[in-house]
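Input: a single structure, listed below in structure tokens.
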Amino acid sequence: MSSLKIINANIFTPLGREAARGEEMSRIKHIPEACVICEDGTITYAGPMADAPRCEADKTIDARGAAVIPGFVDSHTHLVFGGYRAEEFDWRLKGDSYMSIMERGGGIQSTVNATRTECAADLADKARWFLDRMTEMGVTTVEAKSGYGLETATEMKMLDVIDSLAADPDARIRVVPTFLGAHAVPKEYKGRTGEYVDLMIREMIPAAKGKAEFFDIFTEKGVFEIDESRRLLQAAKDAGFRLKLHADEMVTLGGAELAAEMGAVSADHLLHVSDEGVRAMAEKNVVATLLPLTAFALREPYAPARKFIDAGAPVALATDLNPGSCFSGSIPLTVALACIYMKMSPEEALTALTLNGAAAVGLAAETGTIEAGKSADIAILHFDSYKFLTYYVGMNCVDTVISRGKIVKEPLKA
């Protein structure tokens, strides 16, 4: 058993073991002069110092003058990949669209080519570098997708890398694996999407069982359209996967409605979601995972966060770190864009990056809040309020990070 105590804490946290919806997203519990006690990676007490049980801890942190918040959950990333695509960013700055870059051989296929040839050890080393950067910004749980193999062997190589990161006893961050073999149609199946769908159902989905908890798909015009997506999602659901969708990112296609129909845990992106899709997701409690960094990088309109919140749908925020459309895992910039351009309040943004992010990866009962029984995943800020997450625009103000009861980032020494 190991124990950790945080004293003189100024706690700000959402509460609950399921996603917060509508006005609930603004309800942040504030406990001044608080104490948090963690034993063997689990929070056993979070409340006023005056009521805290007497106990000796292996480590005590005095958080006087600092805000104590849950660790962030980055619930949508593509952090395992081969190669880079810096030149494509220049193409986009000159006016090329994301889809036109794909059509000229760039985009996802470019990363697929590199990932197929890169060895697992190199993929893992690169991913660990990104995980370290995430930890510095207060992320204690991250979702990681495959999707740059688009063939059985490479997709399984990616999932094996992700699983190795998740199982690493020295890992500073919890990793949730998602199978995204339906990220694009590979060049060898161009014009034969149905045959690639057959391959995924026949080989990939069975091979991915036990390696990933979630199945994700890029439901998009010219990629996997509604009927193809429904067929794949049903096959994955029948195999025991929980479902996610990249939905309505480039055009209004009905991906949000399909997510609700299929009982998906989340639908992500949603830049061009219809009003009907918003209502359907709210009715079925599908988490709307919004990715403002991607909209920013692609010069696309931001997802309608207020529509989702006002409709009573749970909203999460994530970075979408990937080598193409969004080469950034910046939590500070994600918060800034969400509040300044998507009109989310600081309270809603905090809930979206903690409790609701946890819900988007099926872990709301385990992490995302500071309360007894939850995993000890905590960030301590340099400032005394969570509102500095938005006020200190685009800058990291996380001083200390605790992941599953272990201190994984300490303040810089003066």
Side-chain angles (χ1 to χ4, degrees), residues 12-29 69-77 134 137-143 174 176 178 213-214 216 242-247 256 259-260 263-270 273 277-278 280-294 302-320 331 334-339 342-371 374-375 377-379 386 389-390:
F12 297 94
T13 181
L15 296 175
R17 284 169 165 75
E18 59 185 21
R21 307 173 62 175
E23 293 182 359
E24 294 174 353
M25 290 186 62
S26 295
R27 296 176 189 164
I28 301 297
K29 178 73 171 178
I69 64 173
F72 297 125
V73 180
D74 193 346
S75 58
H76 182 129
T77 83
M134 293 173 180
M137 291 180 284
V139 175
T140 52
T141 300
V142 62
E143 184 252 22
R174 182 188 291 102
V176 179
T178 293
E213 179 179 353
F214 291 93
D216 197 353
R242 305 181 76 182
L243 305 180
K244 290 177 166 288
L245 286 80
H246 287 56
V265 174
S266 77
D268 303 15
H269 285 291
L270 301 162
V273 66
V278 171
M281 286 179 59
E283 182 180 335
K284 294 298 180 69
N285 203 31
V286 180
V287 178
T289 301
L290 309 183
L291 312 168
L293 284 173
T294 309
Y302 293 97
R306 288 258 55 91
K307 282 188 178 182
F308 280 108
I309 294 170
D310 294 344
V315 170
L317 290 167
T319 66
D320 193 23
I331 293 294
T334 296
V335 173
L337 295 173
C339 293
M342 294 165 62
K343 301 181 180 178
M344 295 177 70
S345 69
E347 294 77 17
E348 290 166 343
L350 178 59
T351 299
L353 271 165
T354 55
L355 176 59
N356 284 9
V361 292
L363 293 175
E366 182 176 337
T367 189
T369 65
I370 299 176
E371 53 188 316
K374 289 286 191 84
S375 178
D377 301 325
I378 297 166
Y386 66 93
L389 294 170
T390 46

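The first residue in the sequence is number 1, and the count goes up from there. All figures in this text were calculated on a predicted structure; none of them were measured in a lab.
A salt bridge links Glu366 and Arg174; the closest N-O separation between the charged side-chain nitrogens and carboxylate oxygens is under 4.0 Å.
Between the side chain of Thr13 and the backbone N or O of Ile370, at least one donor-acceptor pair lies under 3.5 Å. A donor-acceptor contact shorter than 3.5 Å links the side chain of Lys374 to the backbone of Gly16. The backbone N or O of Ala364 lies less than 3.5 Å from no partner atom in the side chain of Glu18, so there is not a single donor-acceptor pair.
Residues meeting the ring pair (Phe, Tyr, Trp, His ring centres under 6.0 Å) test with Phe308, sequence neighbours left out: none. Under the rule for a salt bridge (charged side-chain N to carboxylate O under 4.0 Å, His left out), the partners of Arg242 that lie at least two apart in sequence or sit in another chain are Glu213. Residues that satisfy the side chain to side chain contact (heavy atoms under 4.5 Å, CB included) test with Ala20, not counting sequence neighbours, are Glu24, Met25, Thr351, Leu355, Asn356.
Residues Phe72 and Thr140 fail the side-chain proximity criterion, which asks for heavy atoms closer than 4.5 Å. At least one side-chain heavy atom of Pro314 sits less than 4.5 Å from a side-chain heavy atom of Asn285. Side-chain contact between Val315 and Met344: present, with at least one pair of heavy atoms (C-beta onward) separated by less than 4.5 Å. Leu317 places a side-chain heavy atom less than 4.5 Å from the side chain of Pro292.
Atoms CD1 and OG1, on Ile378 and Thr369 in that order, are 10.0 Å from each other to the nearest 0.5 Å. Note: Thr77 OG1 to Glu143 CD = 6.0 Å, rounded to the nearest 0.5 Å. Expressed to the nearest 0.5 Å, how far CD1 of Ile309 lies from CD of Glu348 amounts to 4.0 Å. The structure places CG of Asp268 at 6.5 Å from OG of Ser75, a figure rounded to the nearest 0.5 Å. Here OH of Tyr386 is found 7.5 Å from CG of Leu350. Values are rounded to the nearest 0.5 Å. In this structure, NE2 on His269 lies 10.5 Å from CG on Leu290, to the nearest 0.5 angstrom.
Arg306 approaches Ser345 most closely through the heavy-atom pair NH1-N, 4.4 Å.
Screening Val176, Asp377, Val73 for a side-chain contact (heavy atoms from CB on, under 4.5 Å) with Leu363, the sole residue that qualifies is Val176.
His76 and Asp320 form a side-chain donor-acceptor contact under 3.5 Å, judged by distance and modelled atom types alone.
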